[in-house]
Structure formats: structure tokens, C-alpha cells
Amino acid sequence: MLRIYDTLAGKKKEFVPVHEGKVGMYFCGMTVQAEPHVGHMRVALVSDVFRRYFRYKGYDVTLVINFTDIDDKIIEKAEAEGVDYTAIAQRNIDKFMEFLRFLGAEEADQYPRATAHITEIVALVKTLVDKGFAYESGGDVYFEVRKFAGYGKLSKRNLDDLIAGASERVDIDDKKRNPEDFCLWKGAKEGEPSWESPWGQGRPGWHIECSAMSTKYLGEHFDIHGGGTELIFPHHENEIAQHEAATGSPYVNHWVHHGLVNLVGEKMSKSTGHFKTMEEISGRFPADVVRFYLLSTHYRSEIEFSDERLSEAGVAIKRFENLFRALVRNVGREGEGESAEAPSPDVSDLKQKFLGAMDDDLNTAQAIGYLFELVRALNSEMESGTDHALLRADRGVLRELLDILGLLQHTKVADESVPDEIVKMVQERSDARDAKDWAKADELRAAIEEAGYLVEDTETGSVARKAKG
RNA sequence: GGCGGCGUAGCCAAGUGGUAAGGCAGAGGACUGCAAAUCCUUGAGCACCGGUUCGAAUCCGGUCGCCGCCUCCA
């Protein structure tokens with residue numbers, strides 16, 4: 001039974017799809033005011049793994065990730081650079097997509113942008129005004145929080161706490177009836193990008209787009225809505241208010257929030273300049289390493305980002321790569337003569353444990369632990385000369401599970417070819433070793449390494465491969 | 001100040017009532033001409049104090065420390 005934590009319920013709940021056999025998921029992507037950092041990649045990965053696992057379980061999955069492509073900072077940047085706001089947005093969206101591909105995350109089914117859904121947003125705001133939950137004031141439209149009884153149920157706050165906390169920091173805006181009210185529609189200032197509405201030229205507030213776009217693509221009631229924990233309040237709290245006030249019906253079954261990525265113990269944040277861009281990371285570490293690193297902690301936990309952590313992940317990934325390489329030498333490439341034989345009992349057992357971990361709120365950290373046990377099992381089987389057909393079957397299980405996490409995809413088609421020149425040197429070294437001319441053998445090994453290759457003396461002879469990567 | 005969360009071996013990280021997965025690092029051993037890879041062996045009683053229980057890392061109360069949210073933010 002698949003159980004998934006729900007922030008609203010405050011506990012894990014059995015996953016029961018709204019529509020038989022289908023899963024609808026909406027994750028809050030990024031406000032494309034600046035280039036993506038590692039934190040943004042976590043939502044991409046979490047959503048990717050959720051989708052992969054649901055698919056593995058046989059569901060037909062629809063994944064929607066939005067881009068907020070209009071806000072104060074984007075407008076500011078556009079003005080500073082003297083370009084249209086769409087140029088800033090597009091540039092950062094392109095980067096986001098680029099890093100998604102880098103990480104091996106499949107594209108979502110939809111990437112809706114706020115500015116492409118003004119019609120839906122205006123309609124929703126209008127409904128809220130008509131129903132008395134929102135009011136127009138000086139060209140802006142605000143949601144009147146007091147009118148919505150359930151406000152605070154997601155973030156577990158009550159209005160009095162909010163007002164007490166906010167009183168010191170929030171400027172009193174005389175356009176609002178109450179300090180806790182939030183903006184649905186923002187009247188345009190001179191020269192700002194704007195759209196027509198019943199309340200004059202303006203643009204959407206931040207929260208309203210997600211209510212409008214999620215229901216457009218997934219229906220009024222869908223399965224999973226996710227994002228980082230920092231979005232619980234106010235963003236997701238406000239989304240619930242907007243949706244339930246407008247429709248009178250429940251919004252989503254599972255609110256999924258992943259932990260933040262910290263840098264040296266502190267939140268990565270665009271506003272403080274304290275962050276690592278994906279640009280930097282993708283240039284220094286292989287995709288699998290970054291992916292493994294981000295998945296080796298449960299998605300709801302915070303995760304500390306550091307070079308040391310990534311280096312460790314690199315060592316771990318090598319264990320998998322070494323295993324696949326050894327398996328190719330021993331029993332041939334994947335997909336070549338796979339047998340229909342059943343996997344060994346130990347391997348089957350580990351597979352069940354892996355799936356059990358995934359069923360328990362997508363516990364990838366625990367699941368990866370079983371993956372390592374699987375690696376050891378396969379290495380041991382090779383050492384003890386296990387039947388090739390069985391080894392291939394067992395490898396198939398490992399592959400099946402790695403695919404759920406989207407790891408080690410490149411090893412399927414690993415190009416192990418080396419230049420003739422290197423092959424020749426390896427052969428010469430083998431001859432030298434046969435002649436017990438160790439000095440010459442070592443000299444050749446050094447020369448091969450000099451050329452950027454590593455030699456290993458395996459059970460089936462000496463082989464070379466490209467060093468690093 | 002209010003709300004939420006966290007504190008497990010040198011480091012990272014699972015485990016949420018029955019005597020602590022896994023990874024990295026370290027140590028010893030096997031294999032190897034040497035190495036690489038691999039395999040085997042090896043480490044903690046779970047921040048602290050008190051309570052509930054036959055039994056707690058796991059539940060309750062308190063203390064200390066850390067983090068997030070309350071303001072744009074994955």
C-alpha cells in the first residue's frame with residue numbers, strides 16, 4: 001500500500017487516486033527572476049521521482065509545473081537591463097529546462113506560465129469578488145481572509161497569531177481592509193506590463209495563478225500539489241483559500257512539501273545572494289552524482305549542500321558503475337540475450353524491500369540502502385561464478401529499480417571503446433606481465449594513464465577505460 | 001514574540017514501541033607481481049533530564065542547541 005505524507009493532515013495517508021488509474025500532480029516551479037540554483041532542482045527531482053514511481057505502479061500520470069513569469073523583481077530586472085520582461089523570463093526558463101535535461105528528469109506534461117493564463121485568472125478573481133470573498137480597492141483586488149473560515153489549516157496558524165507576527169513587519173497598506181488580506185490582482189503602475197480586467201489594467205498577484213492553472217490542467221479536485229516547505233505559508237495556504245472559497249469543494253488530496261537545500265547550514269536564497277547556481281554545479285559534477293546526492297536524503301528532510309557531500313556521492317556512484325562494467329565483461333551488455341529466468345531469492349527479497357521503502361512516502365534514502373545491498377549481492381554472485389542467465393536476471397532487477405530513481409541511465413549505453421593505440425599498449429603490457437617484466441609493465445601502465453586511461457587487470461584479462469567519468 | 005520541524009557512530013543518513021539499514025572515511029584480512037576493482041571482518045545504544053510501559057532512539061513533559069515560516073523565495 002502506497003502511503004504519502006500530507007501536510008494538511010499532518011501525517012502519512014494511503015494514496016487513493018481521485019480518478020481510478022490516474023494521478024494528477026501540480027508542483028510550484030520557480031519565479032523566473034534569476035537563474036535556477038540547486039534548490040530549484042530539488043523540486044524537479046522530487047516531482048520526477050514521484051512520477052516515475054507512480055508510473056511504475058501502473059498509473060497514468062499528469063505532471064504540471066508552473067513558471068511565475070511576472071512579478072516585481074522580473075519587472076525591475078527588465079527595466080535595469082532595458083529589455084522586455086519576457087526576455088528575462090524566457091532566459092531563466094530556458095536555463096531551468098536545460099538543467100532539467102542535465103539531471104535526466106523527464107519534461108513535465110505542462111509548464112503553464114502566469115501571463116498565458118490571464119483569462120482564467122481574471123475569471124477566478126471575478127468569481128471570488130462575486131461570491132463576496134474578495135473586494136476591489138483602488139485598482140487592486142484583495143482576498144478578505146476573515147471571510148474564509150478554513151484559513152490557516154494548512155500552516156496550522158490562526159489569524160491572531162498571524163496578525164501578531166505580522167504587525168511588526170508589514171506596512172499598513174490602506175488599500176486593504178485588514179492587514180492579513182492578500183492581493184489577487186494588482187493595478188498597474190505607469191509603464192508596467194499589464195492586462196485588461198474588470199478592475200482596470202493590472203497583473204495577477206502571486207498566489208492566484210496556481211489556483212487557476214492547476215485546476216485548468218488537473219481539474220477542480222486532484223491528487224498531489226507540491227513545492228518547497230517555504231511555500232506552505234502563505235502561498236499554499238492562500239491557494240486553498242482561493243480554491244475552496246471559489247468552488248466550495250476540496251482542492252487536493254496530498255500536499256507534498258520537500259525540505260530546503262541548505263548551504264553551510266543556511267537556506268539558499270536569491271534575495272541574500274547565498275546560493276549555488278546549477279550552472280556552477282553542472283559544470284563540476286556529473287548529473288548522476290547530483291541526482292544521487294539529492295535522492296540520498298528523504299525528500300521531506302532538509303539537505304546540506306557541500307562539495308564534500310557531492311564527492312561522497314561520486315564515490316557511491318562509482319560502485320554502481322564498476323558493477324555494471326564488470327557485468328558487461330562477464331555476461332555481456334544489457335538487452336543482449338536477457339533470460340526469462342527468475343532472479344535469485346536474495347535479489348527478489350531486496351526488490352520487495354526497495355518497493356516497500358518507496359511505498360512508505362517515497363523513502364528514497366532507505367531504498368538506496370537496499371540498492372547497495374543489491375550491488376554487493378551481484379558482486380558476490382560474480383565472484384562465486386554464478387550462472388550467467390541468473391546474473392542477467394538479477395542485473396535486470398537492479399536496472400528496474402534504478403530506473404525508478406532515474407539513476408545510472410548512462411550506463412545502459414556506456415561507450416567503453418578506447419583508441420587502437422591504447423589497446424595496443426594494454427596488449428604490450430599484458431605481454432610484459434606474462435614475461436614477468438614488471439618494470440616494463442609499470443612503465444606502460446604509467447604511459448596509459450598519462451594518455452588519460454586507467455588499466456585494470458580483471459579476471460578476463462587487462463582492460464582499459466577512460467579515466468574520470 | 002507566534003507557528004512548524006530537527007538533534008542517531010569521525011562525516012552523511014534510514015529507522016517512530018521490542019534490544020540500531022545503508023553510504024563515505026578508518027582499521028584488519030582475502031585476491032593481485034604491485035595496483036585497481038571486488039569480497040570478508042570491524043565501530044554508536046540514539047542531545048540532556050524526568051515520566052509512561054514488561055520493554056523507548058521511537059510515546060508524554062521539561063531543558064539546551066540548530067533550522068524553517070510569519071516578508072519575494074523550491
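Chain letters run A, B, ... following the sequence lines, proteins first and then strands; every chain starts at 1. No hydrogens, no waters, no symmetry mates; every other heavy atom, side chains included, goes into these values. Note that this is a predicted model, so its numbers are computed, not measured.
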S.K.: Give the intermediate values and the outcome of ring pair (Phe, Tyr, Trp, His ring centres under 6.0 Å) for residues A:H37 and A:F305.
M.R.: CA-CA 11 Å; A:H37 60 234; A:F305 190 90; over 10 Å; no
S.K.: May I ask you to say what A:S311 touches in the nucleic acid, namely base, sugar-phosphate or nothing, with a heavy-atom cut-off under 4.0 Å?
M.R.: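 The residue A:S311 makes no contact with any strand.
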S.K.: Is any NZ, NE, NH1 or NH2 atom of the basic residue among A:E428 and A:K440 found under 4.0 Å from an Asp or Glu carboxylate oxygen of the other?
M.R.: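 No salt bridge links A:E428 with A:K440.
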S.K.: Starting from the 5' end of RNA chain B, give me the residue, A:V43 or A:Y370, whose nearest nucleotide shows up first.
M.R.: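 Comparing both residues, the 5'-ward one is A:Y370.
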S.K.: With rounding to the closest Å, how many angstrom separate the C1' atoms on B:U53 and B:C3?
M.R.: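 B:U53 and B:C3 have their C1' atoms separated by 32 Å.
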S.K.: Does A:S194 reach the side chain of A:R203, with side-chain heavy atoms less than 4.5 Å apart?
M.R.: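 A side-chain contact under 4.5 Å is absent here.
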S.K.: Taking the C1' atom of each, how far is B:C12 from B:U8, in whole Å?
M.R.: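 Looking at atom C1' only, B:C12 and B:U8 are 11 Å apart.
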S.K.: What residues in residues 423-439 of chain A put a non-hydrogen atom under 4.0 Å from any atom of RNA chain B?
M.R.: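 A:R429, A:R433, A:W438 - these, ordered by number, are the residues of the stretch whose heavy atoms sit under 4.0 Å from the strand.
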S.K.: For nucleotides B:A37 and B:U32, find the distance between their C1' atoms and express it as a whole number of Å.
M.R.: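 11 Å, rounded to whole Å.
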S.K.: If you measure from the P atom in B:G33 to the same atom in B:C40, how many Å do you get, rounded?
M.R.: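 Those two atoms are separated by 22 Å.
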S.K.: Considering only side-chain heavy atoms of A:T297, which listed nucleotide, B:A13, B:A74, B:G68, is closest?
M.R.: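 Minimum distance to the A:T297 side chain belongs to B:A13.
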S.K.: Taking B:U71 as the reference, what is the distance to B:A13 when you measure between their C1' atoms (whole Å, please)?
M.R.: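 Nearest-Å result for B:A13 against B:U71 at atom C1': 33 Å.
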S.K.: Kindly say whether, by distance alone, the side chain of A:D442 makes a donor-acceptor pair under 3.5 Å with the base of B:G33?
M.R.: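 Per atom types, the contact qualifies.
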S.K.: Side-chain N or O of A:T31 versus OP1/OP2 of B:A74: is the shortest distance under 4.0 Å?
M.R.: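 Checking A:T31 against B:A74: at least one side-chain N or O falls below 4.0 Å of OP1 or OP2.
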S.K.: In whole Å, I'd like the distance from the CG atom of A:L231 to the P atom of B:C3.
M.R.: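 Going from A:L231 (CG) to B:C3 (P), I get 22 Å.
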S.K.: Mapping A:R42 and A:R319 onto RNA chain B by nearest heavy atom, which one lands closer to the 5' end?
M.R.: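 Looking at the nearest nucleotide for each, A:R319 comes out on the 5' side.
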S.K.: Apply the side chain to side chain donor-acceptor pair (under 3.5 Å) test between A:K95 and each candidate in A:E279, A:H40, A:E35, A:Q90; give the one that qualifies.
M.R.: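 The side chain to side chain donor-acceptor pair (under 3.5 Å) with A:K95 is passed solely by A:E279 among A:E279, A:H40, A:E35, A:Q90.
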S.K.: Less than 4.0 Å between a side-chain N and a carboxylate O, is that true for A:R429 and A:D457?
M.R.: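 Salt bridge: yes.
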S.K.: Nearest to the side chain of A:R445 - B:C24, B:A74, B:A35?
M.R.: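 The listed nucleotide nearest to A:R445's side chain is B:A35.
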S.K.: Taking the P atom of each, how far is B:U41 from B:G4, in whole Å?
M.R.: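 After rounding to an integer number of Å, I get 46 Å for this pair.
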S.K.: Quick check on B:G45: syn or anti? Syn means the glycosidic torsion is within 90 degrees of zero.
M.R.: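 You should classify B:G45 as syn.
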S.K.: In this structure, which one of A:F50, A:Y53, A:F27, A:Y5 forms a ring-ring contact (aromatic ring centres under 6.0 Å, His included) with A:Y299?
M.R.: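 Testing each of A:F50, A:Y53, A:F27, A:Y5 against A:Y299, the sole residue satisfying ring-ring contact (aromatic ring centres under 6.0 Å, His included) is A:F50.
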S.K.: Among the nucleotides B:A37, B:A74, B:C67, which one has an atom lying closest to any side-chain atom of A:H37?
M.R.: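 For the A:H37 side chain, the nearest candidate turns out to be B:A74.
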S.K.: Show your reasoning for whether side-chain hydrogen bond (donor to acceptor under 3.5 Å, both in side chains) applies to A:Q242 and A:N238.
M.R.: CA-CA 6 Å; A:Q242 292 161 349; A:N238 291 355; over 6 Å; no
S.K.: Write down the distance between CD (A:E373) and P (B:G23), rounded to a whole number of angstrom.
M.R.: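 To the nearest whole Å, that distance equals 7 Å.
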S.K.: Which atom pairs link the protein and nucleotides 6-11 of chain B when you take only N or O atoms and keep those under 3.5 Å?
M.R.:
residue	atom	partner	partner atom	Å
B:C11	O2'	A:R309	NH2	2.7

S.K.: Is there a side-chain contact between A:N262 and the phosphate of B:C67, meaning an N or O under 4.0 Å from OP1 or OP2?
M.R.: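 Indeed not, no polar side-chain atom of A:N262 lies that close.
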S.K.: Is there a donor-acceptor contact under 3.5 Å from the side chain of A:K156 to the main chain of A:L8?
M.R.: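 Looks like yes, one N/O pair under 3.5 Å.
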S.K.: Take atom CG of A:L260 and atom P of B:G68, then tell me their distance rounded to the nearest Å.
M.R.: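 Distance check: A:L260 CG to B:G68 P gives 8 Å.
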S.K.: Using both distances under 3.5 Å as the test, list the Watson-Crick or G-U wobble partner of B:C59, or none.
M.R.: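 Because both required distances fall under 3.5 Å, B:C59 counts as paired with B:G51.
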S.K.: Is it the case that more than 12 heavy atoms not belonging to A:K189 sit under 6.0 Å from its NZ atom?
M.R.: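 Incorrect, the count does not exceed 12.
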S.K.: Can you measure A:W255 atom CH2 to B:A74 atom C1' for me and round it to whole angstrom units?
M.R.: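 Taking CH2 of A:W255 and C1' of B:A74, I get 14 Å after rounding.
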S.K.: Are A:Y293 and A:F285 close enough that their ring centres sit under 6.0 Å apart?
M.R.: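 A:Y293 vs A:F285: aromatic centres not under 6.0 Å.
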S.K.: Look through every strand shown and name the nucleotide pairing with B:C3 as Watson-Crick or G-U wobble, where both distances are under 3.5 Å.
M.R.: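 With both distances under 3.5 Å, B:C3 matches B:G68.
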S.K.: Considering non-hydrogen atoms only, spot the tightest contact between A:D361 and A:I4 and give its length.
M.R.: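 Heavy atoms of A:D361 and A:I4 come nearest at OD1-CA, 3.5 Å.
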S.K.: Which whole-number value in Å describes the distance from A:L100 CG to B:A74 P?
M.R.: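 Nearest whole value for this atom pair: 15 Å.
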S.K.: Work out how far the P atom of B:C66 is from that of B:U58, and round it to whole angstrom.
M.R.: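 My reading of the P atoms in B:C66 and B:U58 gives 22 Å.
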S.K.: Nearest of B:A36, B:C34, B:A14 to any side-chain atom of A:H298?
M.R.: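 The nucleotide sitting nearest to the side chain is B:A14.
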S.K.: Let me know the distance between CD of A:E321 and P of B:A36, rounded to the nearest Å.
M.R.: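 Whole-Å distance recorded here is 18 Å.
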S.K.: Counting only Watson-Crick or G-U wobble pairs whose two distances fall under 3.5 Å, which nucleotide matches B:A21?
M.R.: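 Check on B:A21: unpaired, no WC or wobble geometry under 3.5 Å.
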S.K.: So, are A:K175 and A:D140 salt-bridged, with charged N and O less than 4.0 Å apart?
M.R.: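 Judged by the 4.0 Å cut-off on N to carboxylate O distance, A:K175 and A:D140 do form a salt bridge.
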S.K.: Report the nucleotide, chosen from B:A74, B:A14, B:C3, that has the shortest atom-to-atom distance to any side-chain atom of A:H258.
M.R.: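 Of B:A74, B:A14, B:C3, B:A74 is nearest to the side chain of A:H258.
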S.K.: Report yes if at least one side-chain N or O of A:S301 is closer than 4.0 Å to OP1 or OP2 of B:C12; otherwise report no.
M.R.: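 No, no such contact exists.
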S.K.: Considering only B:C3, B:A74, B:C24, which nucleotide approaches the side chain of A:R157 most closely?
M.R.: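 Of the options given, the side chain of A:R157 lies nearest B:C3.
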S.K.: Under a 4.0 Å heavy-atom cut-off, which of residues 374-385 of chain A touch RNA chain B?
M.R.: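 Those residues whose heavy atoms fall under 4.0 Å from RNA chain B, taken from residues 374-385 of chain A in numerical order, are A:R376, A:N379, A:S380, A:E383.
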S.K.: Taking the inter-plane angle between the rings of A:Y26 and A:H225 on a 0 to 90° scale, is it parallel (under 30°), tilted (30 to 60°) or perpendicular (over 60°)?
M.R.: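 The arrangement is tilted - the two ring planes meet at 30° to 60°.
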S.K.: What do the steps show when you test A:D442 against A:R445 for salt bridge (Lys or Arg N to Asp or Glu O under 4.0 Å), and what is the final call?
M.R.: CA-CA 5 Å; A:D442 289 345; A:R445 176 161 60 195; 3.4 Å; yes
S.K.: Just by modelled atom types, is the A:S344 backbone N or O under 3.5 Å from a matching donor or acceptor in the A:D394 side chain?
M.R.: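 Such a contact is found between A:D394 side chain and A:S344 backbone.
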S.K.: Can you tell me the base-pairing partner of B:A27? Count Watson-Crick or G-U wobble geometry only, both distances below 3.5 Å, and say none if there is no partner.
M.R.: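 B:A27 is paired with B:U41.
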S.K.: For atom P, what is the distance between B:G65 and B:C24, given to the nearest Å?
M.R.: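 It works out to 36 Å between them.
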S.K.: In whole angstrom, give the distance that lies between atom CZ of A:R329 and atom C1' of B:A37.
M.R.: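 About 8 Å, once rounded to whole Å.
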S.K.: Under the 3.5 Å rule, do the base of B:C72 and the side chain of A:K73 count as making a donor-acceptor pair?
M.R.: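 Counting by modelled atom types and ignoring angles, a donor-acceptor contact under 3.5 Å is found here.
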S.K.: Of the candidate nucleotides B:C69, B:C34, B:C72, which contains the atom at the shortest distance from the side chain of A:F233?
M.R.: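 Of the options given, the side chain of A:F233 lies nearest B:C69.
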S.K.: Which nucleotide wins on minimum distance to the side chain of A:Q366, given the candidates B:C72, B:C34, B:G15?
M.R.: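 Closest of the options to the side chain of A:Q366: B:G15.
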S.K.: So, does the side chain of A:D457 form a donor-acceptor pair with the base of B:C34 at under 3.5 Å?
M.R.: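 Pair found.
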S.K.: Can you name the closest pair of heavy atoms from A:R433 and A:S462 and give their distance?
M.R.: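 Of all heavy-atom pairs spanning A:R433 and A:S462, the closest is NH1-OG, 3.6 Å.
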S.K.: Using whole Å, report how far CG of A:N92 lies from P of B:C72.
M.R.: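 Distance check: A:N92 CG to B:C72 P gives 20 Å.
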